[in-house]
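Okay, structure first, notes after.
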Amino acid sequence: MSEWKPIKEGKVREIYDNGDSLIMVATDRISCFDVILKNQVVKKGTVLTQMSRFWFDMTRDILPNHMISVDVKDMPEFFRKPEFDGNSMLCRKLSMLPIECIVRGYITGSGWASYQKNGTVCGITLPEGLKESDRLPEPIYTPSTKAEIGDHDENISYEQSIAHLEKYFPGKGEEYAAKLRDCTIALYKKCADYALSRGIIIADTKFEFGLDEEGNLVLGDEMLTPDSSRFWPADGYEPGHSQPSFDKQFARDWLKANPGNDWTLPKEIVDKTIDKYLQAYRLLTGEELS
């Protein structure tokens, strides 16, 4: 096939059909507030792909994942070019489950806003007296439904996740909901403990899962990247206010402070953003990005 076109384009990723497998390419696009910005953040796609590779390798003992290879030599000739080298992943095909599996180990963001209102996050009652950015006694699972691009995902309760899955998989809703919750929390606990030993707090993250041809649960999409997670430096962590982070927060903060920005970032904000991604990669993996 000489003319390859993505079968699906997300805000950041492009997915190509390779017959019995898929090729997922993480571009250097950056999105904030569900809008794709006009800037490219060079190397960002490579950080996302290589970070997912690192975590997929680390968590195979908990659950299989969809990664086959990140080496373009294992992919069709079209992908053996510099623009695909390092940021592309050859993956198994899965039937993706229609739930975003979010786990929160610390209280921040929309969770903190909700807790201040009524002491709950996504319908889960939390202990009184928590401060912003506090570590939760136990990580909590707060699923959401997957929205089409442009729409916002909707937070749902665990019970609603059973009903939502039941609609798509009659007779399996309860079994799949429990598996998703248990795997999400197990993956988070293992990786958050490891990250903490490397100087990074994973405040929250989201996973996506699918089913293989035998109906087994398999981890898909991306894993524990600064795009799908909130990473904080453990050094200087202090509850009571928001924390500095290793993700798009620079970009978000600048956009908020500069209305009329036409979704375009100045160069120094782009540079700061990729520096944060690279720093997180170095701390977590102990490697330089090749």
Side-chain angles (χ1 to χ4, degrees), residues 1-31 36-37 39-97 100-101 146 149 183 187 191 205-229 247-248 273-274 277-278 280-282 284-290:
M1 190 190 295
S2 60
E3 196 41 58
W4 286 76
K5 290 221 173 6
I7 52 164
K8 190 172 174 216
E9 285 197 65
K11 290 192 276 281
V12 173
R13 282 183 172 62
E14 295 176 347
I15 298 179
Y16 295 82
D17 191 343
N18 187 40
D20 57 358
S21 58
L22 293 172
I23 295 167
M24 261 174 59
V25 179
T27 68
D28 289 340
R29 294 195 291 263
I30 180 167
S31 81
I36 298 168
L37 305 189
N39 308 76
Q40 298 267 320
V41 178
V42 176
K43 279 272 177 252
K44 176 173 169 283
T46 304
V47 176
L48 297 182
T49 298
Q50 298 303 323
M51 209 177 262
S52 290
R53 170 195 60 84
F54 174 78
W55 294 117
F56 282 150
D57 282 340
M58 186 190 286
T59 53
R60 285 179 192 279
D61 58 330
I62 296 177
L63 192 73
N65 60 66
H66 70 162
M67 177 174 72
I68 299 169
S69 173
V70 293
D71 188 339
V72 289
K73 292 202 265 307
D74 297 330
M75 301 177 204
E77 197 167 328
F78 175 80
F79 295 92
R80 292 174 216 162
K81 300 181 196 149
E83 65 258 40
F84 294 112
D85 195 359
N87 62 343
S88 305
M89 186 179 284
L90 184 67
C91 303
R92 295 158 62 186
K93 281 188 171 174
L94 303 174
S95 312
M96 296 306 286
L97 295 171
E100 299 235 311
C101 297
K146 281 196 224 176
I149 284 193
C183 287
L187 290 165
C191 297
T205 192
K206 67 168 184 171
F207 302 118
E208 295 195 30
F209 299 89
L211 303 171
D212 67 11
E213 285 172 352
E214 285 81 57
N216 302 309
L217 195 64
V218 178
L219 180 57
D221 198 50
E222 63 181 319
M223 183 173 187
L224 287 164
T225 70
D227 269 16
S228 65
S229 324
D247 55 23
K248 302 185 280 198
T273 300
I274 192 58
Y277 278 69
L278 288 167
Y281 181 82
R282 274 196 303 273
L284 288 168
T285 65
E287 305 161 9
E288 290 294 328
L289 192 70
S290 53

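FYI, side chains are in, hydrogens and waters are out, and symmetry mates aren't considered; it's all heavy atoms of this structure.
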Next item on the list: Only one of Asp57, Val218, Leu219, Thr49 passes side-chain contact (heavy atoms from CB on, under 4.5 Å) with Met67; say which it is.
Entry: Asp57
Notebook entry, point to check: For Lys93, does the NZ atom have more than 12 heavy-atom neighbours from other residues, nucleotides or ligands under 6.0 Å away?
Noted result: yes
Checklist line | Closest non-hydrogen atom pair between Asp85 and Thr46, with its separation | finding: O-OG1, 4.5 Å
Next item on the list: Working to the nearest 0.5 Å, report the span between CD1 of Ile30 and CD1 of Ile36.
Entry: 11.5 Å
Notebook entry, point to check: More than 12 foreign heavy atoms under 6.0 Å from NZ of Lys81: is that the case here?
Noted result: yes
Check: About how many Å separate CD1 of Ile68 and SG of Cys91, when rounded to the nearest 0.5 Å?
Finding: 7.0 Å
Next item on the list: Considering non-hydrogen atoms only, spot the tightest contact between Asp71 and Met75 and give its length.
Entry: O-CE, 3.7 Å
Notebook entry, point to check: Under 3.5 Å, is there a donor-acceptor pair between the side chain of Lys248 and the main chain of Asp227?
Noted result: no
Next item on the list: Please test Lys44 against Thr273 for side chain to side chain contact (heavy atoms under 4.5 Å, CB included), starting from the C-alpha separation and ending with a verdict.
Entry: CA-CA 9 Å; Lys44 176 173 169 283; Thr273 300; 5.7 Å; no
Notebook entry, point to check: Between OG of Ser229 and CG of Leu224, what distance do you get to the nearest 0.5 Å?
Noted result: 4.5 Å
Notebook entry, point to check: Which heavy atom in Arg92 sits nearest to a heavy atom in Pro64, and how many Å separate them?
Noted result: NH1-CB, 4.2 Å
Margin query: Rounded to the nearest 0.5 Å, what separates atom NZ in Lys5 from atom OH in Tyr16?
Written below: 9.0 Å
Notebook entry, point to check: Between Phe209, Phe207, Phe56, Trp55, which is the residue that forms a side-chain contact (heavy atoms from CB on, under 4.5 Å) with Asn65?
Noted result: Phe56
Item checked: Intermediate values then yes/no, side chain to side chain contact (heavy atoms under 4.5 Å, CB included), Leu187 and Met223 -> CA-CA 10 Å; Leu187 290 165; Met223 183 173 187; 4.1 Å; yes
Next item on the list: Of all the heavy-atom pairs spanning Asp74 and Leu90, show the shortest one and how long it is.
Entry: O-CD2, 3.7 Å
Margin query: Is the shortest side-chain heavy-atom distance between Ile23 and Pro76 below 4.5 Å?
Written below: yes
Check: What's the verdict on side chain to side chain contact (heavy atoms under 4.5 Å, CB included) for Val47 and Thr225, showing C-alpha distance, side-chain angles and the deciding distance?
Finding: CA-CA 8 Å; Val47 176; Thr225 70; over 6 Å; no
Margin query: Check this for me, if you would: do Glu14 and Arg29 make a salt bridge, where the nitrogen-to-carboxylate-oxygen distance has to be below 4.0 angstrom?
Written below: yes
Note to self: One thing to verify: whether Arg13 and Glu208 come together as a salt bridge, which I'm taking to mean a side-chain N less than 4.0 angstrom from a carboxylate O.
What the structure shows: no
Note to self: Is the shortest side-chain heavy-atom distance between Val42 and Ile274 below 4.5 Å?
What the structure shows: no
Check: Okay, side chain of Thr205, backbone of Ser228: is any donor-acceptor separation there less than 3.5 Å?
Finding: yes
Checklist line | Least distance between heavy atoms, His66 atom then Leu94 atom | finding: CB-CD1, 3.9 Å
Notebook entry, point to check: Looking at Asp221 and Lys206, does any basic side-chain N land under 4.0 Å from a carboxylate oxygen?
Noted result: no
Notebook entry, point to check: Taking all atoms of both residues into account, what is the closest heavy-atom pair of Ala280 and Met51, and its distance?
Noted result: C-CE, 3.8 Å
Check: Mind checking whether Phe84 and Phe78 have parallel, tilted or perpendicular rings, split at 30° and 60°?
Finding: tilted
Item checked: Passing option when Leu48 is tested against Val12, Thr27, Asn87, Asp28 for side-chain contact (heavy atoms from CB on, under 4.5 Å) -> Val12
Margin query: Under a 3.5 Å threshold, yes or no: a donor from one side chain and an acceptor from the other, between Glu287 and Tyr281?
Written below: yes
